[in-house]
Each structure stands twice: as structure tokens, then as C-alpha cells.
Amino acid sequence: MPDFPKLFIPGPTHVPDDILEVFSYPQIGHRTPEISELIDCITLGIQEILYTKSDIYLMSHAATGLWEVGTKNSVKNGVLHAVNGAFSSKWALSSELNGFKCKVIDFEWGAGIDVDTVDKSLSSGEYDVFAMVHNETSTGAMSDLHAISILLKEKYPDVIWLVDAVSSMAGVKIEVDKLGIDFLLSSTQKAWGLPAGFSICSVSDRLLKKSESLTNKGYFLDLLTYRKYFVKQQTPTTPSIPHMFGLKYVINKIKSEGIENRWKRHVEMAKYTRNWVLSHGQKFFTKENALSNTLTCIDNIKKWDINKINEELLNNGYRMDRGYGKFKGKAFRVPHMGNIYMEDLKDYLNKIDEVLCRLKY
Ligand code: PLP
């Protein structure tokens with residue numbers, strides 16, 4: 001096997017050998033009792049991790065496809081997008097390109113979503129769908145789902161709520177039913193700690209009802225297509241069976257760790273990283289009231305040479321993040337999710353410390 005550096009980028013995240021091994025299990029047929037048993041087991045596990053009784057659909061494509069599943073199956077009048085980073089911005093673009101009536105509320109990158117601003121926009125009554133990214137991977141900003149939940153329940157109970165949780169699902173406690181989230185989506189390469197190319201969503205009954213009232217959804221992204229096969233514990237198309245083996249394995253790992261312990265581990269790793277940042281005289285790129293539990297985005301005010309640090313870390317077996325897009329070198333990120341445990345994180349940050357020392361920072 002090639003000896004690639006250990007990933008310390010916020011996705012794809014590190015996948016250890018025990019999980020990789022599961023990906024080479026013999027294949028099973030996708031219309032067999034074996035697959036139904038596997039899907040049943042995965043569904044129950046994910047429902048427990050997401051605190052929901054909603055349907056769970058498994059899709060053999062990237063999470064970006066789920067943005068369009070969400071909107072195609074819900075938007076009748078218009079969709080309001082909260083944009084506070086690169087991924088929420090791309091989701092809004094996808095809605096525009098799909099021809100939906102679409103409004104964007106722009107927040108500062110690095111900030112969380114402000115509930116009063118969402119309230120003001122929804123009060124026009126023009127939008128029947130609200131779409132947001134829970135954890136903006138580009139900036140490390142995690143928004144407050146509870147505040148949005150209260151707003152929607154109290155003032156806009158008919159608005160369908162779509163939430164991208166690509167870099168928070170399985171790393172942060174999200175109580176789907178209590179919050180009233182209609183559509184929660186993720187792919188597998190972040191806090192689930194699996195290879196990329198597979199995605200997961202929870203779908204509320206009222207979203208399925210809304211979908212029934214809509215036309216021009218096509219076939220592949222229509223939730224009703226998934227529903228038809230979900231009741232048989234199958235998927236409409238031939239799925240990535242290795243990902244399903246992987247998911248089952250990771251769900252069991254999460255259960256052995258203990259679900260509450262998993263949330264606690266992510267909080268503790270986030271705190272450790274934040275202390276490390278401050279003790280090095282750096283600042284957070286993210287606003288302090290929106291710091292993520294799964295990654296930390298650092299404003300490089302000490303002007304460390306990130307490319308040089310990257311080179312040194314590569315020589316020591318680590319692939320670091322150098323910042324998203326336009327922030328490259330100015331704001332870099334430390335992921336702490338999925339298969340990263342406190343010991344891995346400490347080893348990584350110690351290695352950066354050694355490099356900083358060598359570079360005389
Ligand atoms: N949403 C967020 C918050 C992300 O971080 C990413 C990828 O990094 C995506 C969506 C897109 O995910 P995928 O590459 O699985 O389509």
C-alpha cells in the first residue's frame with residue numbers, strides 16, 4: 001500500500017487501517033436479504049446518532065447532490081439561503097442554477113448565522129424553504145441550530161428547514177426531531193471518518209408530503225424514488241456497498257465509544273486546539289461565539305510561513321490544511337473530528353511545535 005501522509009485536512013479526514021480493511025469485504029447483491037439486513041442496521045444506527053425517527057436515505061454520490069435533493073423536493077415559492085462561507089455560497093448558487101426563486105442573506109465569513117436577520121427575511125412570506133450550513137468548513141463557523149429551531153417553530157412552522165451538516169454530522173450532537181429539521185445532509189468523508197463519495201440524509205414526513213406536491217424533480221434526485229426503495233430496505237440504484245460496510249463498522253465503533261462520549265471527545269479536542277492557538281499568540285479567524293467543535297480556523301496574525309510549515313510536516317508524514325481558497329496562508333485550519341482522537345491531535349500539534357521551533361518562530 002502507498003505510504004501517503006496522515007491527513008490533517010478538514011476532509012477527507014484520516015481513515016485508519018481497520019476501517020479501510022472493511023472496504024475490501026466481498027460484494028453482496030443489491031437486491032438480496034443481505035443488503036436489506038445491512039441497510040436496516042445502518043438506518044437504525046444513524047437514527048440513534050441523529051436522535052430521529054425520520055427516514056434515512058443512503059446515496060452513492062457526494063453531498064453536493066443532496067443540496068439539490070433538498071431544494072428540488074421542497075421549494076414551491078422560493079428558498080432563502082443563509083450564506084456565511086464557501087459551501088453555503090455554493091449551495092445558493094446551485095439553487096439559482098436550478099431556476100428557483102432564491103434570496104441570499106449574506107453574513108460575514110467567520111460569523112455564525114444571525115437569527116434576527118433570518119427572521120426579517122422570512123417575514124416577507126415569500127420563501128417556503130430555509131437552507132443553511134450548520135458548520136461552515138471553509139471558516140470553522142458553527143451556527144446555533146437551537147436558536148433557528150425556536151424561530152421556525154414559533155413564527156414560521158410551515159417553512160421547510162434544510163441543513164447541511166457535512167462537517168458536523170457524527171461529530172456534534174444534532175437532535176433532529178427535537179430541533180424539527182426536515183432535511184439533514186452529510187457526506188461520509190468528514191466526522192464519519194470514511195472515504196468520500198457517499199452521503200446520508202434524514203428526511204421528515206412533512207418534507208416527503210411536500211415532495212409529493214411538486215413536479216419536475218426528475219428521477220434520480222426525487223425523494224419519492226428513495227422512499228419507494230427505503231421501505232424495502234434497498235436503494236433505487238446499485239449503491240457503493242463498500243461504503244455501507246464501512247458505515248456499519250463506524251456505527252459500531254461509535255456505539256463502543258458511547259455516543260455521548262463521542263460528542264464530549266469532539267468538544268474536548270476543540271478546547272485543546274483553541275488553547276494551543278491562543279498560547280501561540282495566534283487568533284481565531286472565526287467569531288468566538290461560533291467556534292466549531294470539529295475544526296478550528298486560525299487567523300495567521302503571527303505570519304507563520306504556512307507553505308514552509310507544510311513542507312516540513314510532509315517530511316514528517318502529515319498533510320496539513322493551508323486555508324480554504326482565498327484564505328490560503330492567511331487562515332489555516334486544524335481538523336479535530338472523526339478518527340482523530342486526543343492523542344492524534346496532541347501528536348500533530350506537538351509536531352507543528354517542533355517545526356515552529358526549527359523555523360525559529
Ligand atoms: N458542505 C460542506 C459544509 C462541506 O464542507 C463540503 C465539502 O467539503 C460540502 C458541502 C461538499 O461535500 P461533497 O464534496 O461531499 O459534495
Side-chain angles (χ1 to χ4, degrees), residues 7-15 57-72 79 81-95 97-98 104 107 109-113 130-145 148 161-172 174 181 183-202 220-221 239-240 242-243 246-247 250 266 285-286 290-297 319-328 331-338 340:
L7 293 181
F8 259 88
I9 56 175
T13 57
H14 170 64
V15 184
Y57 299 156
L58 306 172
M59 310 205 174
S60 297
H61 55 72
T64 301
L66 285 184
W67 288 344
E68 302 199 0
V69 169
T71 48
K72 275 179 189 292
V79 52
H81 278 275
V83 169
N84 63 335
F87 294 101
S88 40
S89 173
K90 270 191 205 158
W91 193 0
L93 175 67
S94 113
S95 289
L97 295 175
N98 270 293
V104 165
F107 297 97
W109 285 32
I113 294 164
F130 173 58
M132 63 174 280
V133 172
H134 176 218
N135 197 61
E136 243 308 342
T137 323
S138 58
T139 64
M142 188 167 78
S143 289
D144 181 359
L145 292 176
I148 304 278
W161 187 16
L162 313 178
V163 180
D164 169 323
V166 167
S167 56
S168 53
M169 188 191 283
V172 177
I174 304 174
I181 297 171
F183 189 65
L184 189 79
L185 71 97
S186 180
S187 36
T188 45
Q189 73 274 17
K190 311 268 186 189
W192 283 103
L194 287 160
F198 198 79
S199 51
I200 297 164
C201 57
S202 73
F220 189 58
L221 301 181
S240 170
H243 276 97
L247 256 179
V250 166
H266 282 78
F285 177 84
T286 317
L291 292 172
S292 163
N293 287 346
T294 56
L295 73 142
T296 299
C297 189
R319 163 75 62 193
M320 81 178 293
D321 171 72
R322 288 175 290 160
Y324 186 89
K326 61 185 179 186
F327 301 124
K328 222 162 228 142
F332 63 101
R333 299 165 298 172
V334 174
H336 29 76
M337 62 177 121
I340 298 301

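For the single chain, residues carry numbers from 1 onward in sequence order. What's counted below: heavy atoms across the whole structure, side chains too, no hydrogens, waters or symmetry copies. One-based numbering, in listed order, for ligands and for the atoms of each.
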At a 4.0 Å threshold, what atoms of ligand 1 neighbour a non-hydrogen atom of [X]?
{"X": "Ala62", "value": "13 (P), 15 (O), 16 (O)"}
{"X": "Asn135", "value": "3 (C)"}
{"X": "Val133", "value": "3 (C)"}
{"X": "Thr137", "value": "2 (C), 3 (C), 4 (C), 5 (O)"}

Given Phe285, which partner from the list Phe327, Tyr324, Trp109 fulfils the ring-ring contact (aromatic ring centres under 6.0 Å, His included) test? Phe327

Could you check whether any heavy atom of [X] sits closer than 4.0 Å to an atom of ligand 1, since that is the contact criterion I want to use?
{"X": "Trp67", "value": "yes"}
{"X": "Leu66", "value": "no"}
{"X": "Gln189", "value": "yes"}

Where is the tightest heavy-atom contact between [X] and [Y], given as atom of each residue plus distance?
{"X": "Arg333", "Y": "Thr137", "value": "NH1-O, 2.7 Å"}
{"X": "Ser138", "Y": "Cys297", "value": "O-SG, 4.3 Å"}
{"X": "Asp321", "Y": "Phe332", "value": "O-CB, 3.4 Å"}

Considering only the protein, which heavy-atom contact is closest to [atom], and what is its distance?
{"atom": "atom 9 (C) of ligand 1", "answer": "Phe87 CD2, 3.6 Å"}
{"atom": "atom 16 (O) of ligand 1", "answer": "Thr64 OG1, 2.6 Å"}
{"atom": "atom 13 (P) of ligand 1", "answer": "Ala63 N, 3.6 Å"}
{"atom": "atom 15 (O) of ligand 1", "answer": "Ser187 OG, 2.8 Å"}

Would you confirm whether Thr188, through its side chain, and Phe198, through its main-chain N or O, come within 3.5 Å as a donor-acceptor pair? yes

Hey, are the side chains of Trp91 and Met132 touching, using non-hydrogen atoms and a 4.5 Å cut-off?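 No, too far: nothing below the 4.5 Å cut-off.
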
Side chains of Leu247 and Ile200: does their closest heavy-atom pair fall under 4.5 Å?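 Of all side-chain heavy-atom pairs linking Ile200 with Leu247, at least one is under 4.5 Å.
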
Partners passing side chain to side chain donor-acceptor pair (under 3.5 Å) against Trp67 (at least two apart in sequence or in another chain):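 So Trp67 forms a side chain to side chain donor-acceptor pair (under 3.5 Å) with Asp164.
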
Would you please name every residue forming a side chain to side chain donor-acceptor pair (under 3.5 Å) with Ser95, sequence neighbours left out?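 With neighbours one apart ignored, the set is His81.
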
Does ligand 1 have a heavy atom under 4.0 Å from the side chain of Asp164, from its backbone, from both, or from neither? side chain

Where on Lys190 is there a heavy atom closer than 4.0 Å to ligand 1, on the side chain, on the backbone, on both, or on neither? side chain

